[in-house]
Amino acid sequence: MELSYQANHFPIPSSLFINPNKNFFVLDHVKYKYPTKSNVLHHHSTSRNTSSIFRQNKLSSSALYTSSHNSVISEEGNQENIMSNTAGQVIRCKAAVAWEAGKPLVIEEVEVAPPQKMEVRLKILYTSLCHTDIYFWEAKGQNSVFPRILGHEAAGIVESVGEGVTELAPGDHVLPVFTGECKNCAHCKSEESNMCSLLRINTDRGVMIHDEKSRFSINGKPIYHFVGTSTFSEYTVVHVGCVAKINPLAPLDKVCVLSCGISTGLGATLNVAKPTKGSSVAVFGLGAVGLAAAEGARIAGASRIIGIDLNASRFELAKKFGVTEFVNPKDYSKPVQEVIAEMTDGGVDRSVECTGHIDAMISAFECVHDGWGVAVLVGVPHKEAVFKTHPMNLLNERTLKGTFFGNYKPRSDLPSVVEKYMNKELELEKFITHQLPFSEINKAFDLMLKGEGLRCIIHMDH
Amino acid sequence: MNTAGQVIRCKAAVAWEAGKPLVIEEVDVAPPQKDEVRLKILYTSLCHTDVYFWEAKGQTPLFPRIFGHEAGGIVESVGEGVTDLQPGDHVLPVFTGECQQCRHCKSSESNMCDLLRINTDRGVMISDGQSRFSKDGKPIYHFVGTSTFSEYTVCHSGCVTKIDPQAPLDKVCVLSCGISTGLGATLNVAKPTKGSTVAIFGLGAVGLAAAEGARIAGASRIIGIDLNAARFENAKKFGVTECVNPKDHDKPVQEVIVAMTDGGVDRSVECTGNINAMISAFECVHDGWGVAVLVGVPNKDDAFKTHPMNLLNERTLKGTFFGNYKPKTDLPSVVAKYMNKELELEKFITHQLPFSEINKAFDYMLKGEGLRCMITMGH
């Protein structure tokens, strides 16, 4: 997909930040304009009051380049990495702040404190909107704290690391993840679980674990974090256990979607449902997560992938993801699990539920074949939901499982998912239907609220 | 084998009415038809499912009926088309069968044969819709295709497992239902690893068999939960290391278990059929990796309910039927586990009775006394 550029807009070729020996890698398929000293300064002066930065934050003059341009290329084509100049200092940058539930985000100048012990500060290059952001932005059935910087699906580069961090270094290409891996607790040590006792998703917490404070502030007042990522910001601070280091050749504007939704769906199928070649799979919900689950079934060689959605307009696109048949529950007077059981001579071998609607969750369970069927629940329901079924459905040898982030351990497993994309086993471009600049981030919310598209990539550079 | 092809008149314990003591009657047992076998039952034991359908409280009642489904015997004669069994074979009749042709039988996972899976409503043979038992010309109905409270019975050959003739039938007969159900729930479905923690709900014969399975698998802690504290002492023989009586605690038992195990057990096996115990059994397993297996059969109108987050937190909920054993394919290997002393069965057999006193076995079970009562059919 061609990226569109405005004058002076260019994606920072992420490969430039790698090597202090000044060897650099060029991404052939990305057309960009090298930043030069002159245009960096120019860009800067239109966007902020540099003297005020100088005054308030006591930055040295070399640290003026604190926005999206952290690298300078001289006329000879050599690169100097000046990112390290911001290390240990507060960075002032843009963030999309949610001041109130359900109100449009406002692009504000925020201050991002340096990373403390076991934390890293990341420069976010691309981020995408996931339904969970919307859910906590609307804050209807949830505890949510405001003002908050949302966002948890993203890709970026390490700007600096805090004390005690050895596995990451400035310049590393990373995916921040809303759930982490401390590698020490019983969950991290278990082969099966990815629900780290220390770093598992916490939607209530708006501060860093280390000192229970936020690293974001505006005029000294805290702006709260969201699930430890807060990627709707040019810079963010994240616990090192929540950062997956990935192949620096992977295009960050594609693989950013692997830091949440796509991995969630893909892993639900490949790691948990585990359909065998030739089996039948039902996928409930044909949004990005459900289509990723279908993609997983396609990769696993399922013979039938039945997509269930209340929105018939999703059916056409779903074919690209391996879906072979469609069922719209609205078209039937009987429960959809009965419809599916009839279509499949007793039920599907596997089902994956990606809507979070409690009725769909029950249907997803009851539509799998007795004797061997396995249903996997992915979508998160509202707080008061009750899963209810007749116990005979279990005694008839159906298995019911739930998954979280596709059962992927973020640090250990995500790099291999990136590799699946790099070796073309997994296709990601088809998930990306829209692109927006950061300044227009609210349009991404509009698109999602209207049910348009799958993933919208938000470009953080100006 | 003078009786082949002929009606046999013999003794059977007939249940004429729900909840009334069985009466030892002379019944006529017709010869086996196509795909059927007639068995001489030598030993049988009472299992709670017999009591349940005899009481017929929450179920469709069908009387008069010959109950019994846990037994060991010998083939007396075979019907047309039966090639894998012959007169003299030592067998366990099973309340669920294996046709070996349908998708379930061909699946490596399922044991729920489309043709022969348990049917508690049916009181006749599949081939002709008739009973093989009669008295004075009137039919006496079958029970789950076995009806082992009779000196002779007729079963579908898919429900009869041929076993090692060296195996003592008065011990291994308990493997044709309850013990295999519990054992398999643990070994085949819950599959605890060595050193893991297991919670067993219900310390009757099925639960103790599940505990025995956990012991065989090398579990480090086997927590037994029962409302009847008198069961705790005996449970130690089956590997149970700690006991919890829900009556002793104000909070739900799953919270008690979670507190005892730093977040929950690795595996739980539910062997009571009480719907609240089933929910507790699920909610007491550890998030991330816990697996709960439901065994006990609840009432018709019970609903299993839990907060979906309990599933999204990576707990697995499974149900099993007959320990997921395929009767013909797998039971011989369970008998072998007993023969090589990996599995102990004597500790399950707490009482012995002659056939004429079969009603005492019902009394013991209704009072919650003992585990398995061995009923000897021989004259």
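Here is the naming used below: chain letters follow the sequence lines, and residue numbers restart at 1 for every chain.
- Using a 4.5 Å cut-off between heavy atoms, B:N111 contacts chain A through both its backbone and its side chain.
- Closest approach of A:M361 and B:P308 over heavy atoms only: CE-CB, 3.4 Å.
- For A:T399, the parts sitting under 4.5 Å from any heavy atom of chain B are the backbone and the side chain alike.
- Most heavy-atom pairs under 4.5 Å with chain B, from the set A:M392, A:R398, A:K388: that is A:K388.
- Close approach to chain B, defined as a heavy atom under 4.5 Å from one of its heavy atoms, is seen in A:W372, A:L377, A:V378, A:G379 of residues 372-379 of chain A, taken by number.
- Closest approach of A:L394 to B:F304, counting heavy atoms only: CD1-CG, 4.2 Å.
- Within 6.0 Å of the CG atom in B:D262, the count of heavy atoms belonging to other residues, nucleotides or ligands does not exceed 12.
- Contacts between residues 191-199 of chain A and chain B, defined by a heavy-atom separation under 4.5 Å, are made by A:E192, A:S193, A:N194, A:M195.
- In terms of heavy-atom pairs under 4.5 angstrom with chain B, the leader among A:V272, A:N396, A:N393 is A:N396.
- Contact of A:N407 with chain B is made through backbone and side chain together, with heavy-atom distances under 4.5 Å.
- At least one side-chain heavy atom of A:P381 sits less than 4.5 Å from a side-chain heavy atom of B:L312.
- Checked for salt-bridge contact, A:D370 and B:R103 miss the test: no charged N lies under 4.0 Å from a carboxylate O.
- In this structure, A:H369 and B:M112 have side chains that are not in contact, with every pair of non-hydrogen atoms separated by 4.5 Å or more.
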